[in-house]
Q: 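Before I ask anything, let me first share the structure, which is written out below as structure tokens.
Below, read A as the first sequence line, B as the second, and so on, with proteins coming before strands; counting in each chain starts at 1. Both backbone and side-chain heavy atoms feed into the values below; hydrogens, waters and symmetry mates do not. Please read all numbers here as calculations on a predicted model, not as lab measurements.
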Protein chains: 2
Amino acid sequence: MLKLSKLTDYAVVVLVRLGDDFALQTSGGIAAATGVPEPTVAKVLKIMTTAGLVCSQRGARGGYRLARSLSAIPVADVITAIDGPIALTACVEHSPAICDSSALCPVKGRWDRVNSAILDALSGISLADMRPPARDVVPVQPLSEASAMQSYHPAGASVSTTAFVE
Amino acid sequence: MLKLSKLTDYAVVVLVRLGDDFALQTSGGIAAATGVPEPTVAKVLKIMTTAGLVCSQRGARGGYRLARSLSAIPVADVITAIDGPIALTACVEHSPAICDSSALCPVKGRWDRVNSAILDALSGISLADMRPPARDVVPVQPLSEASAMQSYHPAGASVSTTAFVE
DNA sequence: TTCATTCAGGACCAAGCTAGTCCTGTTTTG
DNA sequence: CAAAACAGGACTAGCTTGGTCCTGAATGAA
Ligand code: FES
Ligand code: FES
């Protein structure tokens, strides 16, 4: 369906939030600030850490911090981190899948163009571009447990619903 | 995973095949010519007909024919026909889904730019560009110069599926 | 030291979607 | 009428995603 996974959507929200403050922020704090469920925030941040987009600090008073500035993180990086390499079809290079019948295929190698066009588009937009123009930055909550969570639950924040009618 | 559905891949193969001949072609014949399983070809063609990309002729000696020339069919149209409107997230304009929490969402409306970048990329490439090199006369339009376009990897590039193998 | 805190890394399961098949019409030709 | 081909769904198995949870390791503070 040419859609992004929900986690990617969450990731952008979380990363943008991280970009609001240089101090270490805990996953719980981010969850509280963004309204994204804490376990999900944690999951996203783990992935982001593995991908090298954020740095983590363990232990008490630990937390996360951006590894680079928002403007240095193209959207493509976030997508790649979560969804894996951008490969529209199994036949683009870098794709993990291998085509058995490249000899027969009439469109062999032809998706690469399309794929790189999209890759270029996604590489040209950074997370800084995803940040709200002038938004009231919610101050980092030191520790207050994430109880008063206002659920942001992107029921629509992502592509979940299936009401796609032309 | 930011991937296309398999059917879209099939559709391109089938449409390109249709573009090889102006005569009516039956789904069975196309299946034989492309190696795509006949039921799948039929399914794809039905969808294409509904979308108006091909014309059909019922009855004995019936078949399918392109409604427009390959060069007049952007890849975006095929994707839209099969996967529905291109909407990376539920929050892009034109998306049928509605975001409940647009008031809270930190990245509200920010995906639109990403989405249209991709839409532009996909609209700028036509099926004629997807034809095998031998018949490919139309140059691809550059969308953004990001670069070193990744040269195709002839080997290993391929659509998928074992169904292609006889 | 000992403990609370916080991240790391998976395992796990339910739900939704995709791919592929099949079946029952309907239209057209001969 | 019979055969050829498309029209339009219904249906199911399998995969992927989303979301939760559990155990363990690192860190800092009491
Ligand atoms: S989640 Fe809908 S506006 Fe962002
Ligand atoms: S299907 Fe693999 S090269 Fe086209």
Side-chain angles (χ1 to χ4, degrees), chain A residues 1-11 14 18 23-32 36-52 54-65 79 82-84 89-90 96-97 142-146 151 153-155 157-164, chain B residues 1-11 14 18 23-32 36-51 54-65 82-84 89-90 97 159-164:
Chain A
M1 191 193 302
L2 196 54
K3 64 175 179 60
L4 294 176
S5 72
K6 236 174 182 177
L7 278 193
T8 303
D9 204 347
Y10 283 131
V14 167
L18 265 184
L24 284 174
Q25 300 181 55
T26 68
S27 61
I30 295 173
V36 178
E38 197 278 336
T40 300
V41 171
K43 186 173 193 172
V44 165
L45 283 172
K46 285 176 207 170
I47 298 173
M48 294 297 101
T49 302
T50 302
V54 308
C55 301
S56 65
Q57 172 70 40
R58 281 192 175 185
R61 315 208 52 176
Y64 295 93
R65 181 187 339 207
I79 296 175
I82 291 191
D83 291 336
T89 69
L143 224 273
S144 72
E145 68 179 76
S151 68
H153 257 281
S158 247
V159 164
S160 39
T161 16
T162 45
F164 289 92
Chain B
M1 195 209 294
L2 195 54
K3 64 178 175 58
L4 294 176
S5 73
K6 237 173 180 177
L7 279 192
T8 303
D9 204 346
Y10 285 132
V14 167
L18 265 185
L24 284 173
Q25 299 181 54
T26 68
S27 61
I30 296 173
V36 178
E38 196 278 335
T40 301
V41 171
K43 185 173 194 172
V44 165
L45 283 173
K46 284 176 207 169
I47 298 173
M48 294 297 100
T49 302
T50 301
V54 306
C55 301
S56 66
Q57 172 69 41
R58 281 192 175 188
R61 316 206 49 181
Y64 296 94
R65 182 187 338 202
I82 292 190
D83 291 336
T89 70
V159 156
S160 44
T161 312
T162 49
F164 277 57

Q: Could you tell me if the side chain of B:Val44 sits less than 4.5 Å from the side chain of B:Val36, heavy atoms only?
A: no
Q: Side-chain N or O of B:Thr26 less than 4.0 angstrom from OP1 or OP2 on D:dC6?
A: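 False: B:Thr26 side-chain N/O out of range (4.0 Å or more) of D:dC6 OP1/OP2.
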Q: Which nucleotide in the set D:dG18, C:dG20, D:dC6 lies at the smallest distance from any side-chain heavy atom of B:Ser27?
A: D:dC6
Q: Measure CG/B:Leu18 against P/D:dC6 and give the value in whole Å, please.
A: 11 Å
Q: Return whichever of A:Thr40 or B:Glu38 has its heavy-atom-nearest nucleotide of DNA chain D closer to the 5' end.
A: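 Here B:Glu38 is the residue nearer the 5' end.
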Q: Does a side-chain N or O from B:Tyr64 land closer than 4.0 Å to OP1 or OP2 of D:dA7, or not?
A: yes
Q: Please report, rounded to the nearest Å, how far the C1' atom of D:dA29 is from the CZ atom of A:Arg61.
A: 9 Å
Q: Could you state the CG-P distance from B:Leu4 to C:dT18, rounded to the nearest angstrom?
A: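 Checked: the CG to P distance equals 12 Å.
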Q: Rounded to whole Å, please give me the gap between CG in B:Leu24 and P in D:dC6.
A: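 Answer to the nearest Å: 9 Å.
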Q: What does B:Gly28 touch in the nucleic acid at a heavy-atom separation under 4.0 angstrom: a base, only the sugar-phosphate, or nothing?
A: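 Since no nucleic acid heavy atom lies under 4.0 Å of B:Gly28, the category is nothing.
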Q: Does any N or O donor sit under 3.5 Å from an N or O acceptor when you compare the side chain of A:Lys6 with the base of D:dG18?
A: no
Q: Can you find a heavy atom in the side chain of A:Arg61 that is under 4.5 Å from one in the side chain of A:Leu24?
A: no
Q: Rounding to an integer number of Å, can you tell me how far B:Ile30 CD1 sits from D:dA5 P?
A: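 In whole Å, D:dA5 P and B:Ile30 CD1 are 12 Å from each other.
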Q: Whole-Å distance between C:dG20 C1' and B:Lys46 NZ?
A: 12 Å
Q: Starting the side chain at C-beta, find the nucleotide from D:dA4, D:dG8, D:dT20 nearest to B:Ala60.
A: D:dA4
Q: Hey, which of these two, A:Gly63 or B:Leu7, hits DNA chain C nearer its 5' end, going by closest nucleotide?
A: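 Closest to the 5' end, via its nearest nucleotide, is A:Gly63.
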Q: What is the distance, to the nearest angstrom, from the NZ atom on A:Lys3 to the C1' atom on C:dG16?
A: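 One finds 9 Å between C1' of C:dG16 and NZ of A:Lys3, rounded.
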Q: Please report the distance, rounded to the nearest Å, between CD in B:Gln57 and P in D:dA4.
A: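 Those two atoms, CD and P, are 17 Å apart.
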Q: If you measure from CG on B:Leu2 to CD1 on A:Ile82, what distance do you get to the nearest 0.5 Å?
A: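 Taking CG in B:Leu2 and CD1 in A:Ile82, the distance rounds to 12.5 Å.
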Q: Would one find a side-chain N or O of A:Ser56 under 4.0 angstrom from OP1 or OP2 of C:dT6?
A: no
Q: Quick one: are A:Leu7 and A:Thr40 in side-chain contact, heavy atoms under 4.5 Å?
A: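 In contact.
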Q: Do the non-hydrogen side-chain atoms of A:Val14 and A:Val54 ever get within less than 4.5 Å of each other?
A: no
Q: Can a side chain N or O of A:Arg58 be found less than 4.0 Å away from OP1 or OP2 on C:dT5?
A: no
Q: Counting any heavy atom closer than 4.0 Å, what does A:Leu45 reach on the DNA or RNA strands: base, sugar-phosphate only, or nothing?
A: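 It contacts nothing in the nucleic acid.
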